[in-house]
2 protein chains.
Amino acid sequence: MIEDSRKILSEHSVSITNPRILVLEALLEFGNPITIDELQSKLKGAVAKSTLYRVLNDLKKIKILNEFTSPDNSTVVELILEDHSHHHHLFCSDCGEVIDVELSEEFEIMLNKEIEKVQKNFNFEITDHRVEMFGLCTDQCSNCK
Amino acid sequence: MIEDSRKILSEHSVSITNPRILVLEALLEFGNPITIDELQSKLKGAVAKSTLYRVLNDLKKIKILNEFTSPDNSTVVELILEDHSHHHHLFCSDCGEVIDVELSEEFEIMLNKEIEKVQKNFNFEITDHRVEMFGLCTDQCSNCK
DNA sequence: ACAGTAAATGAGAATAAGTCTCATTTATTT
DNA sequence: AAATAAATGAGACTTATTCTCATTTACTGT
């Protein structure tokens with residue numbers, strides 16, 4: 001995991017530092033979208049708060065980190081790995097867990113057609129989109145029992 | 001517009017107060033999703049900051065206000081009116097404007113089918129969903145020229 | 001219309017997420 | 001291994017939102 005982290009950094013010509021490795025390791029280990037709060041507690045104070053935010057910004061800059069806000073207003077981050085295909089998010093309103101979901105090919109095709117239409121109707125250049133679903137995990141979330 | 005505001009409040013058995021009327025009027029008048037910053041400037045100090053947030057929370061509680069975070073991290077609110085049908089949002093990354101978009105019936109049907117699948121696969125009870133699109137308004141936004 | 005009571009408000013203090021500053025440390029280049 | 005630029009830690013700062021509490025306002029029953 002340390003080696004993966006080093007590799008990710010060098011591939012993006014970002015200097016290899018301890019805080020960056022620690023943050024990447026934590027993200028790789030968790031494997032799912034994670035709130036900054038959770039990330040901070042995984043890091044157990046090993047990285048200063050200011051540095052953590054700087055590292056996250058660095059990772060966003062090299063486009064390997066995705067950041068979004070969950071419905072309960074916490075900031076969630078997630079690594080974008082090469083084998084990580086286009087997906088959307090499912091939020092548990094109870095425990096706050098965020099789960100990656102892939103939707104069907106047909107659905108994505110249809111969504112792209114809708115996006116095309118919206119681009120024309122509103123004279124917009126649409127660069128990105130997001131589908132979010134909210135609800136209650138009934139027993140699947142790792143946080144809820 | 002004052003009368004509309006009073007009606008909305010009494011229909012939801014919420015006491016009719018000046019700050020609530022002023023906030024509702026501003027939202028009705030603007031007619032589109034609006035950032036809290038913009039809302040504050042429309043109110044020109046007529047409502048205390050703490051009261052504004054309280055009123056917005058009241059409106060959320062009676063389910064006539066929708067709140068979400070725009071990609072630039074500002075909080076956006078929007079009234080849910082009866083004649084306001086199911087819709088999604090289009091954000092301009094440049095000027096911050098948020099526009100309501102309705103997608104086609106067929107698309108919504110297909111999306112609901114996807115949601116059904118996700119519910120089963122993840123053993124979730126999905127209560128809500130959201131489609132967000134981001135991009136650049138090329139000349140349509142009222143804020144961009 | 002009026003007094004009594006509970007709810008709502010204003011003003012500013014408190015909180016918390018995120019950014020910034022600056023002196024020190026670390027990584028990279030030669 | 002030295003020189004230099006970049007990254008870090010610690011804590012100050014900023015800004016959005018919530019909280020506190022004394023005062024005001026809206027609603028209820030008479």
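Keep in mind that this is a model prediction, so the values were computed, not measured. Chain letters run A, B, ... following the sequence lines, proteins first, then strands; residues in each count from 1.
A donor-acceptor contact under 3.5 angstrom links the side-chain atoms of A:Lys49 to the base of C:dG18. In this model, a side-chain donor or acceptor of B:Ser50 finds a partner on the base of C:dA11 within 3.5 Å. Side-chain N/O atoms of B:Arg54 and base N/O atoms of C:dG10 include a donor-acceptor pair closer than 3.5 Å.
Taking side-chain N and O atoms only, B:Asn57 has a distance below 4.0 Å to OP1 or OP2 of D:dT18. Close to C:dG18, at under 4.0 Å from its OP1 or OP2, lies a side-chain N or O of A:Tyr53. The shortest distance between the side-chain N/O atoms of A:Thr17 and the OP1/OP2 oxygens of D:dT8 is below 4.0 Å.
Between B:Thr75 and B:Glu67, the side chains place no donor N or O within less than 3.5 Å of an acceptor N or O (distance only, hydrogens not considered). A:Glu102 and A:His88 are not linked by any side-chain donor-acceptor pair at a separation below 3.5 angstrom, with hydrogens and angles left out of the test. At a cut-off of 3.5 Å, with distance as the only test, no side-chain donor of A:Glu38 or A:Ser41 sits close to an acceptor on the other residue. Residues A:His129 and A:Asn112 bring no donor and acceptor atom of their side chains to less than 3.5 Å of each other.
Which of D:dT17, D:dG9, D:dT18 sits closest to the side chain of A:Pro19 comes down to D:dG9. Counting only heavy atoms from C-beta on, B:Ser15 has its side chain closest to D:dC27 among D:dC27, D:dT8, C:dG18.
When the P atom of C:dT19 is taken as reference, atom CD of A:Glu67 falls 8 Å away, rounded to whole Å. For A:Arg20 and C:dT26, the CZ to C1' distance is 11 Å, given to the nearest whole Å. Protein atom CG of B:Asp58 is 11 Å distant from nucleotide atom C1' of C:dT9, rounded to whole Å. Between the CZ atom of B:Phe68 and the P atom of D:dA16 there is a distance of 18 Å, given to the nearest Å. Between B:Ile21 atom CD1 and D:dA26 atom P the separation is 9 Å, expressed in whole Å. Between the CG atom of A:Leu22 and the C1' atom of D:dA7 there is a distance of 14 Å, given to the nearest Å. C:dA17 atom P lies 14 Å from atom CG of A:Leu56, rounded to whole Å. Regarding B:Asn18, its CG atom lies at a distance of 12 Å from the C1' atom of D:dT24, rounded to whole Å.
Among all heavy-atom pairs drawn from B:His84 and B:Ile80, the shortest one is ND1-CA, 4.3 Å.
Residue order along DNA chain D, read from the 5' end via each residue's closest nucleotide, puts A:Val47 first among A:Val47 and B:Thr75.
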